[in-house]
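Below you'll find the structure, written out as structure tokens, and then a few comments.
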Amino acid sequence: MRVIIVKNYDSMSKLAAKFVKEELLKKPDLVLGLATGSTPLGLYKELIRMHKEEGLDFSKVTTFNLDEYIGLPKDHPESYHTFMWENLFKHININPSNIYIPDGTVEDIKAHCIWYEEKIAEKGGIDLQILGIGRDGHIGFNEPGSSLASRTRIKTLARETREDNARFFGGDINKVPKYAITMGIGTIIESRKLILLASGVNKRDAIKKTVEGPITAMVPASMIQIHPRAIVIIDQEAASLLEREYETWEG
Ligand code: GLP
């Protein structure tokens, strides 16, 4: 695992965008795994800038999002569909038919999850997966206790996660959906490369456990330790409990 400590959120976003750009230049038909939440917003802004100012081309890119709430219509302001369109897709030249996000409104969720896995396989697997991390160490919506071999499926959200995400639902935890569809940890780990991003003091416990703790289903992100090409980009606050020496980036 390559851990890179940067000074702040802005540097984290810029470095992550630099890695995505490198991969995209090497492989214009990159299969990119995407995450939601506040953490990757700066990365998406930087990718939009690169598209507009440097002509970074997304026309052949395919994307797969990690997760989606169950029960929110696609056009709900807090659905991950809306999030992705507002914060990335509508600003770049991606082909809408190459965008995949789990659909939390389907009747047969099980069949949909199987279809999602099949689509990932059909596109040749994910080349580069972007990950944020929950305060409880979740990736996607794989909450503590998730099987480390899990595939795309329905998960019950942890109370902590619903509390954290209540800020997007007018501060009301009761408005936060209780269930979500998420790629499994097994699905995520099969991506050829992973970039996990974290910023701020709220993430320091989760990062400490992910990077320097044992691999355990109680900290789903710790599973990235087994990945041969995982990069963890964290700012100084998120890194503040780490005890070992790591690479730094001053950009
Ligand atoms: C949600 C998403 C995760 C994300 C996490 C952290 O639970 N499903 O993919 O990593 O939030 O969000 P934030 O980046 O806002 O801290």
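All of these numbers come straight from a predicted model, not from anything done at the bench. As the structure lists them, so they are numbered: ligands from 1, and atoms in each ligand from 1.
- Annotation: side chain of Pro96 is in contact with side chain of Trp85 (closest heavy-atom distance under 4.5 Å).
- Just one residue in the list Ile5, Asp235, Ile4, Val6 forms a side chain to side chain contact (heavy atoms under 4.5 Å, CB included) with Ser11, and that residue is Val6.
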What are the distances between nitrogen or oxygen atoms of ligand 1 and protein nitrogen or oxygen atoms, counting only those under 3.5 Å?
from     : atom 1 : to     : atom 2 : distance (Å)
ligand 1 : 7 (O)  : His138 : NE2    : 2.8
ligand 1 : 8 (N)  : Asp67  : OD2    : 2.7
ligand 1 : 8 (N)  : Gly140 : O      : 3.1
ligand 1 : 10 (O) : Ile133 : N      : 3.2
ligand 1 : 14 (O) : Ser38  : N      : 3.3
ligand 1 : 14 (O) : Thr39  : N      : 2.9
ligand 1 : 14 (O) : Thr39  : OG1    : 2.4
ligand 1 : 15 (O) : Ser38  : N      : 2.8
ligand 1 : 15 (O) : Ser38  : OG     : 2.6
ligand 1 : 15 (O) : Arg167 : NH2    : 3.1
ligand 1 : 16 (O) : Lys203 : NZ     : 2.6

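- Ring geometry for Phe64 against Tyr100 counts as parallel: the plane angle stays under 30°, on a 0 to 90° scale with 60° as the upper cut.
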### Query
Taking it one step at a time, do Phe141 and Tyr69 satisfy ring pair (Phe, Tyr, Trp, His ring centres under 6.0 Å)?
CA-CA 9 Å; Phe141 269 133; Tyr69 291 114; 5.5 Å; yes
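- Taking the side chain as every heavy atom from C-beta outward, Leu148 and Ile215 approach each other to under 4.5 Å.
- The 12-atom threshold is exceeded at CZ of Arg167, counting heavy atoms of other residues, nucleotides or ligands nearer than 6.0 Å.
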